[in-house]
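Scroll down for the structure; my scribbles are underneath it.
Quick note: numbers below take in every heavy atom, side chains included, and nothing from hydrogens, waters or symmetry partners.
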Amino acid sequence: MALPFLPGNSFNPNLGKNKFHKSQLFDYRNDISMMVGEHKSGIGGAPLPGQKLKPRHSTFPSGEGSDKPAWLAFDRQVLSFDAYFQEAVNEKREEQFRVRKCKVYFYLEDDSIQVNEPQVKNSGIPQGTLIRRHRIPLPPPNEDEYYNVEHFNVGKEITLYGRTFKLTNCNQFTANFLRKLGVQVNLPEDTPSDPYSGYRQQLDDSMQPLRPYERYDTLKQFLENDGKVLRFYCYWDDSDAMFGDSREMVMNYFLADDTIEIRETISPNSGRDAAPKFLNRSRLPKNAPTPLTQPGEITDRTVLNVFGPTGHGGRYILDSLKTGAGHLDFYHDSDLTIGSVVNVWGRKMVICDCDEFTREYYRSKYGISDFGPLQYKAPAAARPGRVVPPYNGFGSEEDSLCSCAGLIPKPPRRDFIKFMEKDRHGLESNVLRFMARMDTTKPIDADRRFIISYFLSDDTILVFEPPVRNSGVIGGKFLERGRVKKPGQELYKSAPSAYYLSQDLFVGAKVQFNNHIFVLIDADEYAFRYLEKHNDEFPVAHVQSILGKLKEQALKNTDDIKQFFLRNDPEGAGKIPYEVFRNLLTQVCGNRIVEHEIMTLGRYFSERSDEQVNINVLLGVAQEQLRKHNFENFTRLKQLMMHHDTSRTGSITRKKVRMVSKAFHVPVSDDLLRALLEKLAGSDDTPVNYQEFVNLLNWRENPVEPLHYTAAPTTLGKWVGAEARDNVMMIQYTVLMGEIFGTGLDSS
């Protein structure tokens, strides 16, 4: 018996509540006022008495596992059902309804549904996605609710937007998932057959082809030879026709489908239009052109006998031997060889040559090794040389020649690449300087000395005479810088004149500049080193070439040479003075060896005294560079080197010192830094006391006396020659004799 609803006889529903606010039932959604709190209508958000809250999403029983939300726990998990629906067909005798199969997908993460219909061939119906993925409401009167997982099971019918779908089956994952939810999965049901589809299948089965065609499988040939083309060079002799001539062609044979394409090679100024193709790509018959035949005269299949009525229900027998079929013989790769004649629709083309890929193809497949090309045309006539008018004396020869090259005269072009390579850059001057004297009998001119400078950048020559006091000759520039012609050439001629080059200038050579004959008697150190470095261009500085020339003469005078060395080197030290060595070569070779070759041998076999550079000189230059860049951060440099000293020995390798200095951007040139470290340590792995090294560079605390730099001569007149060969004093003749005779002097 229920208690009366009186004070003291009922429980207080507010016990334990801590929220007594009035729920907000109205709000704005997309600027539209609407009720949004139908599920929390009571005080404090509690439902009213008798109010039933409708679930918004599927509810799953809580069990073992994580408490992740549904959109994360069921990510990419979909329930799949096989379904069908029946569609009525009006005003058609063959069918009254259709049964359309489809797939229904239910996404567990957000309760969305998607319906897809597999495409059926020749159905004539737009198929694919029938319903795109989204949440679908229930049919009225429950349109305010949505489908969830509880509405799906095998055998159920669901109505989606007025169309009823019957679920007939599901996949294994769907069945397992529903069983875990406690749902008893029904047995699969059969999908009823579509009567119209069965009718169409019966028609297809009853149809018999009247002319069955054979299928030729060419896929293998295409896959193996796709992109492989044989190229032949041929010609077509059309000289029998009026205004005809020999025409060159290029024949391409495609191995993928045995087709041939021909393109014509049109020479310039031939008067012919450039057609894209002479023969379009197709199979080429050997006996073309063939006469036309009546329709049905040549067929692929021949009917021998017919049984029963003609048409549907009749039977026939076909000719398996294909006696009535017409066979056309087409060109294949085995028919195309050099020298063969190809019939191109009545035009005879002779194959003359082929490319390298075609040769390799025939060599590997058919074993052909003779690919000699055919000569089908006479060699082209020699093009007459261009007649250049002779030089008229106005301007330079190059400038006058440019006026004959076109209507608008242009200045002669210089060799810009050579100019950039041989121009002065850094310490490389690319200027060869020689000391010269006049070859004359006049005593005043015989004592005059000249400096001949050859500029490698543009092959120009400058002659300068150093001024000598009380000589009676005004020194200065003797010849303006420019290219100098060699003597003995005709002035007014068409051929270009020959000019003096760098190979014509060497010690001992005679040159003639504007009727003045000069004899080169010396060269500066840069000229000697440049010629020895590029000895492949200058034979007078090639040691092996000079030794070969000297060996021919030395083998004839072996005893005289031995007596000469015993007489000038009685102690057997293996060294003689340079002047004695020069007199020996002059006596042995005479005029067959020039002065520059003697100097080259003297420099090569000389006993040089290496000039040691004082470390104070290097420190002075280094501190001067640091002072100019105002570098004073020596403490930080020392700390950075200490960081690389992991063993705390106070020393690191020379390689690390150089690396740290470059990383710290110490404003000292790399060559100077390398030379300074070579003074402190021998090799790259030798340890260097970095504290001492930094203290030596510190120009604030340990300054070195500044150097008094003597500038190099800026004018050619300040070089007097023979200043760099003073250190070539003694010649090691034993090494020279070993190079000539192969053994020492005693065994010779």
- request: Take S282 and N280, measure what side chain to side chain donor-acceptor pair (under 3.5 Å) needs, and give me the verdict at the end.
  value: CA-CA 6 Å; S282 60; N280 201 10; over 6 Å; no
Worksheet entry | Salt bridge present between E397 and R483 (N-O < 4.0 angstrom) | no
Heavy-atom count check: over 12 atoms from other residues, nucleotides or ligands less than 6.0 Å from Y161 OH? yes
Self-check item: Whether H596 and F528 hold their rings parallel, tilted or perpendicular, with breakpoints at 30° and 60°
Solution: tilted
dist R363:CZ -> E356:CD (nearest 0.5 Å) comes out at 6.0 Å
Exercise. Are the charged groups of D459 and R414 less than 4.0 angstrom apart, N to O?
Worked result: no
Sidechain N-carboxylate O distance under 4.0 Å for K92, E87: no
CZ/F173: more than 12 non-hydrogen atoms of other groups inside 6.0 Å
yes
Between E189 and K166, is there a side-chain N and carboxylate O pair less than 4.0 Å apart?
yes
Taken to the nearest 0.5 Å, the spacing of L279 CG from M349 CE works out to 7.5 Å
Here the pair of heavy atoms bringing V115 nearest to F165 is CG1-CE2, 4.0 Å
Checklist entry - Can we say D245 and R272 salt-bridge, meaning some charged N sits less than 4.0 Å from an Asp/Glu carboxylate O? => result yes
Does a donor on one side chain sit under 3.5 Å from an acceptor on the other, for D257 and T259?
yes
Separation between CG (N252) and NZ (K277), nearest 0.5 Å, reads 9.5 Å
